[in-house]
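Please read the structure below before turning to the comments.
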Amino acid sequence: MLKSYKTEINPTQEQIQIINKTIGVCRFIYNFYISHNKEVYEQEKKFVSGMDFSKWLNNEFIPNNPDYKWIKEVSSKSVRQSITSAEKAFKNFFKHQSGFPKFKKKNKSDVKMYFVKTDKNHIIKCERHRIKIPTLGWVRLKEKGYIPTNHNTHIVKSGTVSKHAGRYYISVLVEEKDIINNNQNNNEGLGIDLGLKEFAVVSNGNIYKNINKTENMKKLGKKLKREQRCLSRKYESLKQRSKNKEKEEITQNNISKQILKVQRLYQRIENIRTDYINKFVNDMVKIKPSYITIEDLNVSGMMKNKHLSKAIVSQKFYGIRIKLKNKCEENGIKLRIADRWFPSSKLCHECGCIKTNLKLSDRTYICDCGYKNDRDLNAALNLRDTKIYKIA
């Protein structure tokens with residue numbers, strides 16, 4: 001079984017220079033592969049595979065262009081992985097699964113430094129407080145004891161080093177021996193109704209509030225707006241000072257500092273949301289239900305509502321589904337996905353009657369049979385008892 005672990009690292013200044021240089025070269029190679037493919041296709045009407053591009057780059061382009069020898073100064077595994085990522089983006093485009101590959105922008109795109117075992121006998125060593133990365137050496141971990149260190153049961157296969165808002169993170173893929181889960185979940189199932197007013201309403205009566213409506217998140221949102229306005233003013237100031245080089249350099253340095261402030265705020269908000277989702281998923285699994293049922297939400301269709309699109313993105317409905325799926329697999333719990341057209345909100349849990357005229361503003365479900373309950377709790381109960389589902 002493969003499992004990933006991500007944590008923050010504390011590299012030295014020398015290691016930071018190597019990481020930044022490798023990430024920069026990987027971004028250049030990714031963009032170069034896309035532009036080279038576009039040029040070849042316009043001239044010869046053919047697609048250049050990642051292997052062919054790698055051979056052309058090493059055997060023809062770099063020897064004939066000595067100015068680009070700095071490509072060879074970083075890890076070849078990272079360069080090769082960036083070519084593979086670009087090739088995968090092209091293949092997804094050909095399969096109509098995504099748009100045409102876009103160029104990676106500096107400080108705006110998620111480009112990573114990739115590393116892998118050099119041979120079968122080699123082991124990526126990991127200790128409680130540090131990990132040994134090829135080309136970097138021993139790198140200190142900020143979270144001690146998080147990554148497994150027993151090489152007999154846990155083998156680090158590969159990993160990536162990334163940079164976000166001035167901080168560095170490592171994500172490793174660990175091969176673990178399969179553990180047979182003999183725990184029997186005898187409790188009844190759970191139905192979870194995800195929403196915007198409340199983060200989630202569970203069929204057992206538990207209600208999880210929307211994290212975006214808390215005072216802390218509102219303060220961070222207002223602070224983010226202020227910092228973004230400040231950044232916008234600095235860009236306007238740069239346009240006015242473009243004639244004076246000294247003032248222009250000062251303004252550009254201030255813009256770089258302000259961009260870092262905005263990025264750190266974004267990251268803090270993102271971390272709070274992710275932590276809240278992780279705690280919610282753990283709470284659901286700790287109950288040890290026999291199954292969990294959620295809705296098959298049409299997120300892309302919901303996003304078309306311009307008034308709710310921002311709130312929908314912040315709820316991370318698909319991320320919740322992925323985390324629930326992984327946790328349920330680890331604990332032997334079935335994750336049921338209710339049919340997209342199942343009327344969970346409009347269906348009466350008591351008599352089974354469907355209330356077709358139910359409005360979004362109706363927060364209490366009242367049926368002609370006398371049944372009265374909270375709209376979201378009624379939906380969660382219906383999801384728990386539905387027979388129209390598929391196993392995730």
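For clarity, every value in this text was computed on a predicted model and none was experimentally measured. Numbering starts at 1 and runs along the sequence shown.
Across Leu381 and Ser203, no two heavy atoms sit closer than the pair CD2-O, 3.6 Å. Of all the heavy atoms in Asn210 and Leu196, the pair that sits closest is ND2-O, 2.6 Å.
Outside the 6.0 Å centre-distance limit, the rings of Tyr30 and Phe103 are not counted as a close aromatic pair. The aromatic ring centres of Tyr33 and Trp56 sit 6.0 Å or more apart.
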Check: Going through the checks in order, is the side-chain contact (heavy atoms from CB on, under 4.5 Å) test met by Lys197 and Arg363?
Finding: CA-CA 10 Å; Lys197 183 177 181 293; Arg363 304 315 304 173; 3.8 Å; yes
Next item on the list: Please test Arg340 against Asn298 for side-chain contact (heavy atoms from CB on, under 4.5 Å), starting from the C-alpha separation and ending with a verdict.
Entry: CA-CA 7 Å; Arg340 178 169 293 183; Asn298 182 15; 3.7 Å; yes
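For Phe47, the CZ atom counts as densely surrounded, since its 6.0 Å shell holds more than 12 non-hydrogen atoms of other residues, nucleotides or ligands. Around the NZ atom of Lys325, the shell of radius 6.0 Å holds no more than 12 heavy atoms that belong to other residues, nucleotides or ligands. In this structure, Glu215 places its CD atom where only 12 or fewer heavy-atom neighbours from other residues, nucleotides or ligands lie under 6.0 Å away.
In this structure a side-chain-to-backbone donor-acceptor pair under 3.5 Å is missing from Asp296 to Asp339. In this structure, the side chain of Ser85 engages the main chain of Gln81 through a donor-acceptor pair within 3.5 Å. With hydrogens and angles disregarded, a donor-acceptor distance shorter than 3.5 Å links the side chain of Asn378 to the backbone of Leu347. In terms of modelled atom types and a separation under 3.5 Å, the side chain of Asp374 and the main chain of Leu377 share a donor-acceptor contact.
Side-chain contact of Asn278 with Lys323: a donor-acceptor pair under 3.5 Å is present, judged by distance alone. Looking at Ser290 and Glu188, their side chains never bring a donor and an acceptor atom within 3.5 Å of each other. Asn20 and Thr22 share no donor-acceptor pair across their side chains, judged by distance under 3.5 Å alone. For Arg273 and Asn212, the side-chain atoms include at least one donor-acceptor pair closer than 3.5 Å. Side-chain atoms of Tyr371 and Asn373 include a donor-acceptor pair closer than 3.5 Å. Checked by atom type, the side-chain pair Gln228/Tyr266 shows a donor-acceptor distance below 3.5 Å.
Listed by first and then second residue, the salt bridge (Lys or Arg N to Asp or Glu O under 4.0 Å) pairs involving residues 36-47 are Glu44-Lys46 (not counting sequence neighbours).
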Residues 131-148 side chain polar contacts: donor-acceptor under 3.5 Å, at least two apart:
from, atom 1, to, atom 2, distance (Å)
Lys142, NZ, Glu8, OE2, 3.1
Glu143, OE1, Thr7, OG1, 3.4

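Taking CD of Gln252 as the start and CD1 of Ile259 as the end, the distance is 10.5 Å to the nearest 0.5 Å. Interatomic distance, Ile337 CD1 to Leu297 CG, rounded to the nearest 0.5 Å: 9.5 Å.
Lys316 is linked by a side-chain hydrogen bond (donor to acceptor under 3.5 Å, both in side chains) to Glu270, Thr274, counting only residues two or more places apart in sequence or in another chain.
A salt bridge links Glu236 with Lys239; the closest basic N to acidic carboxylate O contact falls under 4.0 Å. A salt bridge between Asp67 and Lys69 is absent, with no side-chain N of the basic residue lying under 4.0 Å from a carboxylate O of the acidic one.
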